[in-house]
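Structure first, commentary second.
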Amino acid sequence: MSESIHIHPGSTAHDAVHDDHHHGHHEQSFISKYIFSQDHKTIGKQFLITGIIWAIIGGLFSVLFRLQLGYPDQSFPILETFFGHWAEGGTIKPEFYYALVTMHGTVLVFFVLTAGLSGTFANLLIPLQVGARDMASPFMNMLSYWFFFMASIVMIASLFIHTGPASGGWTVYPPLSALGQASEGSKLGMDLWIVAMALFVVSSLLGGLNYIATILNMRTKGMSMTRLPLTIWALFFTAVLGVLSFPVLFSGLLLLLFDRNLGTSFYLSDIVVGTDILPNEGGSAILFQHLFWFLGHPEVYIILLPAMGMVSEILSVNARKPIFGYMAMLGSLFAIAILAFLVWAHHMFVTGLNPFLGSVFVLLTLLIAVPSAIKVFNWLTTLWRGNIRLFPSTLFAIGFVSLFISGGLTGIFLGNSTIDIHLHDTMFVVAHFHIVMGVASMFGMFAGVYHWFPKMFGRYLNSTLGYIHFWVTMIGSYLIFWPMHYEGLAGMPRRYLDKSIWKSFNQFGDLDKMITVVSIIVFAVQLMFVFNFFYSIFKGRKVTTTNPWGANTLEWTTPINPGHGNWTGEIPEVHRWAYDYGKDGREFIPQTEPVGANESKH
Amino acid sequence: MEIVSDQQRKRIHPHKFTLWVAIASILMMFAGLTSAFIVKSNLTGWKDIDMPKVFWYSTAVILVSSVTVQAALRSFRQREMRQYRSLIGVTLVLGILFVILQWFGFKSLWDQNVKFTGSAGAGQFLYVIFGLHAIHVIGGIITLLVMFLKAFFGKVKLYSSVPVEVLATYWHFVDILWIYLLLFFIVIG
Ligand code: HEM
Ligand SMILES: [Cu+2]
């Protein structure tokens, strides 16, 4: 209803009328304001809260299976309470363990760190920071959320069916995932997984199209591309990656659906299940891996880039210094986005990939280290000799940098195909991607939530709880994931519930117990954060100024609780980049301030 | 009423731009499928097919419909609404005809014993790829239908040609995509 009318003076009629509704001040009903809202800010909050709910579910799964991993021969009545016949007598069955790992991965990768992260911040920040009333198409934007919601419903439903949810790992490789007779989790649960993911892809595409169109077409006057805050650039590349790679996943899943239900042989060939010889011939399971990882690798950057963008912004604001090397930051984002499409086969070094081809992928993979190092260097130099304000948001941003360094270094191990022969499918890989992607992006998200909470809800999060949240999570994450490198180097495989038949892994018994205990503590602290979040929405300290952090970007020129349309008067004009901090003796100069006559150049 | 800076006016309309990005996205989906086709066609157990004749008729139909949709856009711009309405109607009919012909194409393949089950081959890919293309055409048909009904019964007078342009571009896109896919199957398959 309340879309804006865009008047373009002097333009021809045909591109002028954006929408024929008048933007009036009608009373909005509860439903159109909070449920089927087309306001990008509300949609962002919907993504965030749905993401939080998913994070609790996905996180809980990991705590529960960690319990069994840490204490393999004990039984926990609580497990039977939660999972019924899948954990009879209080011990998780191996098949069900795999289902839990699968759902943990799927939920965290897609529903939390993709939808919850870019869904939230792209929606919230793009119109606010480029200076637009809303997205290019608020309606599509609303659909994007509701497709995500439907995907969530289908995925949740799969948890409650008799044969249980999908259980082939988050990468759902065939033939396991293609044959219902192969395992319980390859029955209905797998079909629901595919349907949920298809809905999810639609949601991502609707969102991504909008983000791109908004960034390129709806910027306010003076907001040239090189004046955009780095958050927007990062969200832009994220959207481009998504729009170009999710369709390929969709293709791959479509073929999988055909193989499962119609008897085609895209991925299946020469298979014997029990005593049954299947008629499928000429299919190739490796083909699925190519299609999957063509999305899968860009996907990890879809998760990481928004965090990188927000961290750049938050570090600069709270170090009260301009971001170091804005153009280099841009260039490295661009390089990462390009390279993301050219390295997928590094997940497939041990599939019998031609070694020569493998070496090309090694080279391209290791090249990613260059833009990554540039970014790390620039974050550190931004902090260097700044007047750092250690808010929880700053701490989480710094924590992000630390985690990104640690996890990036282990990536270099894995990127060498020869070393990967040893490390592939071990706990080393689990350690690598949790640190560099899982925890790091979570940190980026936390940084963003602490920083933009005042904009979202007009109140502050409690800082004391914030500091506890940070320190426990930071120390806890390293305690959980660092030791996994050693396990992996020793050859301990990932995705196994019970490793007791390997005598050599018995040495890790205590380590695994420690990891489990720490995971429980860290999970509890996340619940504390969730409490802080919801409590502060209603009872938090109120924001009294429009620009509480003294930041330059446009979202802080809107009213404390902006309505639909964001600015009450005209959209402000932009005169400078977003990073004039500590310039000419002034702490910060907002983007809306015209450049003075005697101002120094940056 | 809100005024959006006049900077925007030289830029392409956001909806048109969105369409172009969507086209890139759809292309990636078909690129995924056709490259899967190439990879697989080199494996053992691959079966080729004879392309049914019907697909040539459907090609002719969709080519003509591209012309009519372009003509519809032209008459809209010249505000000849009666002509616009009938041209949209013709395009709509041609679009439906195209999908029906595709159906017959599938049927004649099926009758040649190219089925889903059993060993891999160009046929299974053809069903998936052409089927997915047909779904995109159906998406266009639904839009055409909406525009057609609006032109007849809509209470609001239509001035902006953006929706018509978006529709026409999309329609040309599914047309060109079809030509590409057909050639792909003939040359590679
Ligand atoms: C210099 C940078 C990096 C290099 C060279 C690198 C290399 C690799 C390689 C070779 C693998 C495959 C290991 C195997 O399965 O044997 C891998 C796995 C993985 N990487 Fe990285 N990586 C880098 C950075 C990142 C970043 C920044 C992210 C995410 C934001 C990431 C996320 C992942 C994930 C999720 C997996 C595991 C997927 C799975 O099998 O479940 N990596 N990495
Ligand atoms: Cu990768």
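On a predicted model such as this, the values are computed, not experimentally measured, just so you know. All values below come from the heavy atoms of this structure, side chains included, with hydrogens, waters and symmetry mates left out. Chain letters run A, B, ... following the sequence lines, proteins first, then strands; residues in each count from 1.
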*Side chain from CB out, backbone as N, CA, C, O: work out which of these in B:Tyr127 comes under 4.5 Å of a heavy atom of chain A, or both, or neither.*
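For B:Tyr127, neither part sits under 4.5 Å from chain A.
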*Given a strict heavy-atom distance threshold of 4.5 Å, which part of B:Val21 is in contact with chain A: side chain, backbone, both, or neither?*
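For B:Val21, backbone and side chain are both near chain A.
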*Is there a donor-acceptor contact under 3.5 Å from the side chain of A:Ser251 to the main chain of B:Met29?*
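Yes.
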*asked:* Tell me if a side-chain donor or acceptor on B:Lys40 pairs with a main-chain N or O of A:Phe266 at a distance below 3.5 Å.
replied: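 It does hold such a pair.
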*asked:* Taking OH in B:Tyr57 as the centre, count heavy atoms belonging to other residues, nucleotides or ligands within less than 6.0 Å. Is the count above 12?
replied: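 No, because the 6.0 Å sphere around OH of B:Tyr57 holds 12 heavy atoms or fewer from other groups.
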Exercise: identify the closest heavy-atom pair between [X] and [Y]:
X        : Y        : value
A:Ala213 : B:Thr18  : CB-OG1, 3.2 Å
B:Ala22  : A:Leu209 : N-CD2, 3.4 Å
A:Phe294 : B:Met28  : CE2-CE, 3.6 Å

*Pair listing, salt bridge (charged side-chain N to carboxylate O under 4.0 Å, His left out) test, anchored in residues 133-147 of chain B, at least two apart*: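 Not a single pair qualifies under salt bridge (charged side-chain N to carboxylate O under 4.0 Å, His left out).
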*asked:* Tell me which one of A:Val248, A:Leu244, A:Val243 satisfies side chain to side chain contact (heavy atoms under 4.5 Å, CB included) with B:Ser25.
replied: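 Of A:Val248, A:Leu244, A:Val243, side chain to side chain contact (heavy atoms under 4.5 Å, CB included) with B:Ser25 is met by A:Val243 alone.
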_Residue selection (most heavy-atom pairs with chain B, distance under 4.5 Å) from A:Gly252, A:Ser245, A:Gly242, A:Gly283_ =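 Of the options given, most contacts go to A:Gly283.
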*So do A:Leu254 and B:Leu132 actually touch side chain to side chain, heavy atoms under 4.5 Å?*
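SC-SC contact between B:Leu132 and A:Leu254 confirmed.
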